[in-house]
A.B. asks: 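Input: one structure, supplied below.
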Number of protein chains: 2
Amino acid sequence: MAELMASRKKPPVSKRRPSGKQPATIRSLAEHLKLSSAAVSMVINQTAKSDRFPEKTRKRILAAAEKFNYRPNFVARSLRKQQTFTIGVLVPEISEGYAALVLAGIEDYLLQAGYFFLVISHRHKEHQLEQCLRLFMDRLVEGIITVDTMLPREISVPTVAVSGHKRMAGVTNVVLDHRQAASLALRHLFQLGHRKIAFIKGQPFSTDTESRWSSIREAARQLGLEIDPKLVTQLQADSPSPELGYDVVKALLAERRHFTALFAFNDISAIGGMRALLDSGLKVPSDISVIGFDDIQYASYQNPRLTTIRQPLRHMGELAAETLIRRIGSKEPHPKIIAVAPELVIRESTAPPASSSLEKQVDEAAVRDWR
Amino acid sequence: MAELMASRKKPPVSKRRPSGKQPATIRSLAEHLKLSSAAVSMVINQTAKSDRFPEKTRKRILAAAEKFNYRPNFVARSLRKQQTFTIGVLVPEISEGYAALVLAGIEDYLLQAGYFFLVISHRHKEHQLEQCLRLFMDRLVEGIITVDTMLPREISVPTVAVSGHKRMAGVTNVVLDHRQAASLALRHLFQLGHRKIAFIKGQPFSTDTESRWSSIREAARQLGLEIDPKLVTQLQADSPSPELGYDVVKALLAERRHFTALFAFNDISAIGGMRALLDSGLKVPSDISVIGFDDIQYASYQNPRLTTIRQPLRHMGELAAETLIRRIGSKEPHPKIIAVAPELVIRESTAPPASSSLEKQVDEAAVRDWR
DNA sequence: TAGCTCAGGTTAAACGTTTAATCATTTCAT
DNA sequence: ATGAAATGATTAAACGTTTAACCTGAGCTA
């Protein structure tokens, strides 16, 4: 029996001496130092009990780790600790400037927190969402950040939504303060004297479309400004592109409706819309003012430079990441919603309407009220 | 002795019945089915030996997996198989349109290949590169794709560089055919009649700067076109921004040098440069033609629309990913360089020079040579 | 009836860490 | 001399898979 035992329990001679080609492991270090792997692990991780080891031993261990260029195996550690230090980010499309900026903010925060992120874009296809989530869960992400995406169901890990309008149990929303944004933009146009304003609403699938639009209506109501439904159009196609704004404005012009200003859902469509105006022989801003939304990099390089509402996307990404990491591993109640402030950036695409407009003097009092 | 054995080998009653709250594991399934975990693993993975199990058993196993919603633990599998199905992508800055487009292409390919990717941006800081690489290696990525980034050293995993000019051992480069690109652009300007052309070179750190510039000189030589060093400027700051192009052109104009066309390193600087021309009261293209490089989304929405050389960035990303996955796990010699073709996109920002230019008739013959 | 083959599995180790529980010495107080 | 405490570790299990090697019994052959 003893022999049998002996034959079973072979002498565990490591094939992987720390001097070899293979990367050093805790075990190879331990063997080399003639210590147990527990000792090495504790000292290297500076775990609570590691001060039970005398200075001398600790030095020895750390020196060996240095010498053999030991790097902990992330996968093994993940398995043991049941933590992957990975989160999933779900965006409509990586290459869109909007998402890319939020991603940059997320990266800023996550890397310094020791986390990494995986990205998937669902390409505006709703039926893909479930599969995307599954891929994330299969990878054992510890949390999820969605960007401008409506989740199809509850998620079993902490989730933060950047610009997801639907409030869901367990999800923290990081959003722009749309009411303030709408108010800023509309007051700007109103104060300039505009009364006939055309609007481009966002795509139906965009999670910002509804809240932004209702905020605009509220701001209009407070200003006593009437919104002519005939002057409201909506972007339709899936992927944002200036083309969409272009087409929408061309259609509007074809109907020969009179308006003095255009408020676009985002800069992308504002740029397309402006282009349509220019192509139709209208001058911006002398004939028609244009205001956008987002303040993308190219807004200030349009001709004329685009007036817009700035959305601090990068900061929203950071905030989302920070909130998520806070939520992971703390069972405390999490914030339901985090709103960030917009900023009105006045450039060249807005100006008082041409003097042919009649309503000019009418509402001066109302303007003062809003100051 | 028997007793000792028994006491050591406790009955391995699982705490995790497949019906419980915990996710099902191979072991919990095996126990429930009264089979070994090996059997379950083999059948679920359809491993070579799985046909040793009769149809009946296989059905049972698969049914149980389905019923308990078994999902393989990715981390455990990675540890065991020593494969992470993860690659690292190193970019200058995630939010820059250039990188975002390449990333989108990479994602396209990788997801369908069962891989994920981690992104780090080095923010144009060379001293960060080493740390970025280390983070990747610590995460045990199976390969690395760099975008517009010069590696500081050789890497121990397969690597593909998108637009990295320095040829390094073991690295596959995916690049635009710069000679063709330069030739297309310059011939276009030349055929329009331009002889005095100003150039904006890229930032010193961009890996495309050198090859693009030398290709331009070569193309100029072949056309018999002289490049006036006084008309060559270089972008300086770290992060690309239209601002840089703006400043450079403003400086050029301040020196009162005469030129009829501007060839910018990329669309971003072309847009800034165009803005500077416009701000100085010059008309594009009637006074000065402008040609860019990349064909970013907003190029076609400039006023005037920007003529440019299109670079198929998304495709280059896909290609890079495909090449990398091919390289992983195959010891065959890999391609050293993969060149993709540029495309000249003629829009509104280029036109023949104002008739005041004198050289017009001189080189008609040379033009024909190049047809 | 010994030996072989084959079907249908099982065993146990391995991947590299972490960590709760335990152990062997020495030191110290009583 | 004895028990307690402190010191400085070790042991072994666990995380969830995968896989090479082995096992068992039935059926067949010579």
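Order of the sequence lines fixes the chain letters, A, B, ..., with proteins taken first and strands second; residue numbering starts at 1 for each chain.
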A.B. asks: Would the number of heavy atoms belonging to other residues, nucleotides or ligands and lying under 6.0 Å from CZ of A:R134 be above 12?
C.D. replies: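 Incorrect, the count does not exceed 12.
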A.B. asks: In whole Å, what is the span from the CZ atom of A:F74 to the P atom of C:dT18?
C.D. replies: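 After rounding, the gap between these two atoms is 11 Å.
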A.B. asks: Need one value for B:R58: base, sugar-phosphate or nothing, where a base atom within 4.0 Å counts as base even if backbone is also close, heavy atoms only.
C.D. replies: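 Result for B:R58 = nothing.
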A.B. asks: Starting at NZ of B:K81 and ending at C1' of C:dG16, how long is that distance when rounded to a whole Å?
C.D. replies: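 Rounded to the whole Å, the gap is 18 Å.
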A.B. asks: Strictly below 4.0 Å: does A:S36 bring a side-chain N or O up to OP1 or OP2 of D:dT10?
C.D. replies: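 Checking A:S36 against D:dT10: at least one side-chain N or O falls below 4.0 Å of OP1 or OP2.
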A.B. asks: Which donor-acceptor pairs under 3.5 Å do side chains of residues 55-69 of chain B form with protein atoms, sequence neighbours excluded?
C.D. replies:
{"from": "B:R58", "atom 1": "NE", "to": "B:F53", "atom 2": "O", "distance (Å)": "3.2"}
{"from": "B:R58", "atom 1": "NH2", "to": "B:F53", "atom 2": "O", "distance (Å)": "3.4"}
{"from": "B:R60", "atom 1": "NH2", "to": "B:L33", "atom 2": "O", "distance (Å)": "3.3"}

A.B. asks: When you get a sec, tell me which of D:dT17, C:dT10, C:dG16 is the closest nucleotide to the side chain of A:T25?
C.D. replies: C:dG16
A.B. asks: Does C:dC15 have OP1 or OP2 under 4.0 Å away from a side-chain N or O of B:Q83?
C.D. replies: no
A.B. asks: Enumerate the residue pairs fulfilling salt bridge (Lys or Arg N to Asp or Glu O under 4.0 Å) with a member in residues 99-126 of chain A, sequence neighbours excluded, ordered by first and then second residue.
C.D. replies: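 Passing the test, one end in residues 99-126 of chain A: A:E93-A:R123, A:E107-B:R123, A:D108-A:R314, A:D108-B:R123, A:R123-B:E107, A:R123-B:D108.
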A.B. asks: Going by side-chain contact (heavy atoms from CB on, under 4.5 Å), name the residues that satisfy it together with B:I337, two or more places apart in sequence or in a different chain.
C.D. replies: B:N173, B:V175
A.B. asks: Only counting residues at least two apart or in another chain, list the ones meeting side-chain contact (heavy atoms from CB on, under 4.5 Å) with A:M168.
C.D. replies: A:L151, A:E154, A:K166, A:V171
A.B. asks: Atom CG of B:D138 and atom C1' of C:dG16: how far apart are they, to the nearest Å?
C.D. replies: 14 Å
A.B. asks: How many Å lie between CZ on A:R80 and C1' on C:dA20, as a whole number?
C.D. replies: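 A:R80 atom CZ is separated from C:dA20 atom C1' by 9 Å.
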A.B. asks: Taking the nucleotide of DNA chain D with the nearest heavy atom to each, does B:M42 or B:N73 sit closer to the 5' end?
C.D. replies: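 Final value for this comparison: B:N73.
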A.B. asks: By side-chain contact (heavy atoms from CB on, under 4.5 Å), which residues pair with A:S41, not counting sequence neighbours?
C.D. replies: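 Counting only residues at least two positions away or on another chain, A:S41 forms a side-chain contact (heavy atoms from CB on, under 4.5 Å) with A:I26, A:N45.
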A.B. asks: With sequence neighbours excluded, tell me which residues meet ring pair (Phe, Tyr, Trp, His ring centres under 6.0 Å) with B:F85.
C.D. replies: B:Y115
A.B. asks: Rounded to whole Å, please give me the gap between CZ in B:F85 and P in D:dT17.
C.D. replies: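 Between P of D:dT17 and CZ of B:F85: 15 Å.
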A.B. asks: Tell me if the CD atom of A:Q131 is crowded by more than 12 foreign heavy atoms within 6.0 Å.
C.D. replies: no
A.B. asks: Near DNA chain D, under 4.0 Å by heavy atom, which residues of residues 45-55 of chain A?
C.D. replies: A:R52, A:F53, A:P54
A.B. asks: Rounded to the Å, how far apart are B:I44 CD1 and D:dT17 P?
C.D. replies: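 Nearest whole value for this atom pair: 8 Å.
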A.B. asks: Which pairs pass salt bridge (Lys or Arg N to Asp or Glu O under 4.0 Å) with one or both residues in residues 319-335 of chain A, sequence neighbours excluded?
C.D. replies: A:E322-A:R326
A.B. asks: Could you give the distance from OG1 (A:T25) to OH (A:Y70), rounded to the nearest 0.5 Å?
C.D. replies: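 A:T25 atom OG1 to A:Y70 atom OH measures 7.5 Å (nearest 0.5 Å).
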A.B. asks: Rounded off to whole Å, could you give me the CZ-to-P distance for the A:R77 and C:dC15 pair?
C.D. replies: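 Distance check: A:R77 CZ to C:dC15 P gives 18 Å.
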A.B. asks: Name all residues meeting the side-chain contact (heavy atoms from CB on, under 4.5 Å) criterion together with A:T47; count only those two or more places apart in sequence or in a different chain, and write none if there are none.
C.D. replies: A:M42, A:S50
A.B. asks: List the residues meeting salt bridge (Lys or Arg N to Asp or Glu O under 4.0 Å) with B:R153, not counting sequence neighbours, and say none if there are none.
C.D. replies: B:E130
A.B. asks: Are any of B:S41's side-chain N or O atoms less than 4.0 Å away from OP1 or OP2 of D:dT18?
C.D. replies: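 Affirmative; the distance criterion is met.
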A.B. asks: According to a strict under-4.0 Å criterion, is A:Q82 in side-chain N/O contact with OP1 or OP2 of C:dT18?
C.D. replies: no
A.B. asks: Tell me the interatomic distance from A:I26, atom CD1, to C:dT19, atom C1', rounded to whole angstroms.
C.D. replies: 12 Å
A.B. asks: List every contact pair, protein side and nucleotides 24-27 of chain C side both N or O, where the distance is under 3.5 Å.
C.D. replies:
none

A.B. asks: Find the bend of the helix from C:dT1-D:dA30 to C:dT30-D:dA1 as the angle between its two terminal axes (five pairs each), to the nearest 10°.
C.D. replies: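 Result, rounded to 10 degrees: 80°.
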A.B. asks: Look at B:T57 and C:dG9 and indicate whether a side-chain polar atom (N or O) is within less than 4.0 Å of OP1 or OP2.
C.D. replies: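 Yes, B:T57 has a side-chain N/O under 4.0 Å of OP1/OP2 on C:dG9.
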